[in-house]
Engineer: 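I have a structure I would like to understand better, so I am pasting it below and will then ask my questions one at a time.
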Amino acid sequence: VIPAAVVFVYLGIILYIGIFAFRSASRGAEDYFLAGRSLGPFVFLLSLFGTNMTAFTILGSSGHAFHNGIVTFGLMASASALVIPLGLFFLGTRVWALGKRYGFMTPVQLFRDRWECGHIGTCIFAVQAALLVPYIVIGVMGGGRALNAISGGMVPYWLGGAVVALVVMSYVFFGGMRGTAWVNTFQATLFLLFGAAAIGIIGTGMGGFGSAMQAMAGSPLLTRERIPPLYFLSYTFIPLSSLTFPHMLIFCLTAKRMAHFRRTVVLYPLCLLAIWFPCVLLGVAANQAKDVPAIQAKIEARTTLARQGPNLSPAERDALRQKMGADDVVLLLLDRYAPLWLAGMLGAGIMAAVMASDSQILALSTMFTEDVFTFYGGKERFGEQVQVHTGRAFVIVLAVVAYLVALKMPASIFELAVQYGFTGYAALSPLLVAALFWRGSTKWGALASTVWASVAIASIALFQWALPHPAAVISIGGWNLLERTPGGTSVLGFMPVLPVTVISAVLMVIVSQLTSRPSRQTIERYFPTEQTTAALR
Amino acid sequence: LVDVRKPVPGKQRFALWYDANVRLFVLLIAIAYVLHQDWWFWHTATPLVLGFIPVGLFYHVIYTVAMVGLMWLLVRRAWPSHLERDEP
């Protein structure tokens, strides 16, 4: 009861921050959707970081480390420590500058202006939205599960999901970007503190990490033997998705000054370290939690699957995989080793990460009102106030739909969708790079990349859904072209993200070379020569 | 707005590449990417640094901290200040 009570107090605090603390702000569209492009350096850093931290970060990463070992950190954290700050440096600053100069509020507005296109922009919007919706649903599901686990089953899944959806919907509805940014800042601070606290408390409870690691000597979990090097290499393409997530790009537009990016770029790797190191360490050490029966059951299921897997029926293998599900290992460790009141505090930290769907809901609402409602004449006909009301109505619709879907549909479908959502957004990264850095890029190149990304993702997801592991391998000349692996699909030994992104970039180049560029005036606006810069002065 | 390049006679198309700063950072980023693929600690867990961190994990912790240094250098030496001209 105590941990659940602490979590409910926490939900009350973020509701207050989101709804009441910022109601005095002006009511224009730019203020609601972008916080008036006025965030300071501290809020900008923490809210941007908080936006990118989801349920996957804390629950998923420790679960992944539980089964795969220390490789999780290299896969997900250190690769991001290189790619994401570089993306903020090279792309984020430019998106910010263009947004400030031309008033863009969404990435699609930038693409439409840069490539002089209308409906192709709508097509990009549709693909981005389709890839974003599963994240929102999975956020609600994660909230329901976490609240259920923290309360020891007292709060049922349906009620936990409803509470989370309602809280998020309320502060996004009232507070818009300003409320969301401050809530994210509060949440990011909380789960940065959570990491250090969790390590200390659980480590002490387990009798020290040193003895746990010594006891695991010789285990592949302390090395990277479970992951092939080509898989590891291709995983470095996954963080490219963070650069093209609409909620991340829209957040880039909220900084008051470009100088705010400086601190964010430099400190981002440290924030990643503060979150991922404890999660990975706890996930690996959980294998030595001999006195937690639920964790031991997962280890037994894993061992059975490894030893008898090929001789089992698909249904039996699925049942074992379900038993192995390790997203709750941190919660189980907290339940066993932390005092009740502290488990509540730490549970609130986990809820903070789980509830990252707020910025995704707001981003989708911003995209709908700007890229569809405004683009097709809604704002002109009905005015700015109606535009904001439309955005708010969209927030409600989205939260309600996400909740209903989370209740009715099996989580595995959305986990699959999220898994390929990363690949899909990574495959869209050539669009942003080409728009900002290549004067020769065209709208047809952008369309080719977008269509390719969506078709490739749908095909791979279908392949994976239709052929459970172990299944057929498509080989050509002794090369395993397409192979169904336990964790997904591999293409020539790589994760699909690598070939899909490379082909997307190649298509952008080839199709752009074959089609006509935007007008010279437009290109001059984006790539001014010294002559035009001098003329402007 | 995006990139005001200084023309180099006869080499305008790749003018950016002739900036020593740019070449240095391209090299540093490429090295950072290669260093991420640390196959040398692939199969070993020992030594356990500080008594509990497997060496492969410790390497990536240090790598992450090193990225702070790389980003600091980028921000100090290659900040795209021309983008800030429009600021009020």
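Within every chain, numbering begins at 1; the chains are lettered A, B, ... in the order of the sequence lines, protein sequences first and strands thereafter. The analysis underlying the following values was restricted to heavy atoms, covering all of them including side chains, and did not include hydrogens, waters or symmetry mates.
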Engineer: For B:L48, is it the side chain, the backbone, both or neither that has a heavy atom under 4.5 Å from a heavy atom of chain A?
Structural biologist: side chain
Engineer: Determine whether A:V265 and B:L74 make a side-chain contact, defined as any pair of heavy atoms from C-beta on separated by less than 4.5 Å.
Structural biologist: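 Not touching, per the 4.5 Å side-chain cut-off.
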Engineer: Verify the neighbour count for atom CZ of A:R226: are there more than 12 heavy atoms of other residues, nucleotides or ligands below 6.0 Å?
Structural biologist: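 It does: A:R226 CZ has more than 12 such atoms within range.
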Engineer: Select one option (side chain, backbone, both, neither) describing which atoms of B:W72 are under 4.5 Å from chain A's heavy atoms.
Structural biologist: both
Engineer: Under a 4.5 Å heavy-atom cut-off, does chain A meet the side chain of B:L70, its backbone, both or neither?
Structural biologist: side chain
Engineer: Could you grab the distance from atom CG of B:L57 to atom OG of A:S78, nearest 0.5 Å is fine?
Structural biologist: 9.5 Å
Engineer: Would you indicate whether the side-chain heavy atoms of B:T64 and A:F277 approach each other to under 4.5 Å?
Structural biologist: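 A side-chain contact under 4.5 Å is absent here.
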Engineer: Can you give me the closest heavy-atom contact between B:M71 and A:P85, atom names plus distance?
Structural biologist: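 Heavy atoms of B:M71 and A:P85 come nearest at SD-CB, 3.6 Å.
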Engineer: Once you measure the plane-to-plane angle for B:H36 and A:F232, does it fall in the parallel (<30°), tilted (30-60°) or perpendicular (>60°) bin?
Structural biologist: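 Because their plane-to-plane angle is under 30°, the rings of B:H36 and A:F232 count as parallel.
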Engineer: Indicate yes or no: at least one non-hydrogen side-chain atom of B:F41 is less than 4.5 angstrom from one of A:R224.
Structural biologist: yes
Engineer: Mind listing the closest non-hydrogen atom pair of B:V61 and A:F73 along with its distance?
Structural biologist: N-CE2, 3.9 Å
Engineer: With a 4.5 Å heavy-atom cut-off, do A:L82 and B:M67 have their side chains touching?
Structural biologist: yes
Engineer: Check whether more than 12 heavy atoms from other residues, nucleotides or ligands sit under 6.0 Å from atom OH of B:Y33, and answer yes or no.
Structural biologist: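 Yes - once you tally the heavy atoms of other residues, nucleotides and ligands closer than 6.0 Å, there are more than 12.
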Engineer: If you count heavy-atom pairs within less than 4.5 Å of chain B, which of A:A81, A:S80, A:G208 leads?
Structural biologist: A:A81
Engineer: Of all heavy-atom pairs between B:Q37 and A:L233, which one has the smallest distance, and what is that distance?
Structural biologist: OE1-CA, 3.3 Å
Engineer: For chain B, find which of A:T72, A:L273, A:V83 contributes the most heavy-atom pairs closer than 4.5 angstrom.
Structural biologist: A:L273
Engineer: Which region of B:L50, side chain (C-beta onward) or backbone (N, CA, C, O), has a non-hydrogen atom less than 4.5 Å from a non-hydrogen atom of chain A, or is it both or neither?
Structural biologist: neither
Engineer: Please find the pair of heavy atoms, one from A:G74 and one from B:H60, that lie closest to each other, and give the distance.
Structural biologist: CA-ND1, 3.7 Å
Engineer: For residues A:L281 and B:F52, determine if any side-chain heavy atom of one lies less than 4.5 Å from a side-chain heavy atom of the other.
Structural biologist: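 The answer is yes, as the side chains (C-beta and beyond) meet within the 4.5 Å cut-off.
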Engineer: With chain B as the partner, which of A:F261, A:Y268, A:F89 has the greatest number of non-hydrogen pairs under 4.5 Å?
Structural biologist: A:F89
Engineer: Can you give me the closest heavy-atom contact between B:A45 and A:T223, atom names plus distance?
Structural biologist: N-CG2, 3.7 Å
Engineer: What part of B:A78 lies closer than 4.5 angstrom to a heavy atom of chain A: side chain, backbone, both or neither?
Structural biologist: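 The answer is both parts of B:A78.
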Engineer: Which heavy atom of A:Q214 sits nearest to which heavy atom of B:G51, and what is that distance?
Structural biologist: NE2-O, 4.2 Å
Engineer: When rounded to the nearest 0.5 angstrom, what distance separates CZ in A:R101 from CG in B:L83?
Structural biologist: 9.5 Å
Engineer: Quick check on the interface: out of A:P229, A:G69, A:S211, who has the most heavy-atom pairs with chain B under 4.5 Å?
Structural biologist: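 Highest number of heavy-atom pairs under 4.5 Å: A:P229.
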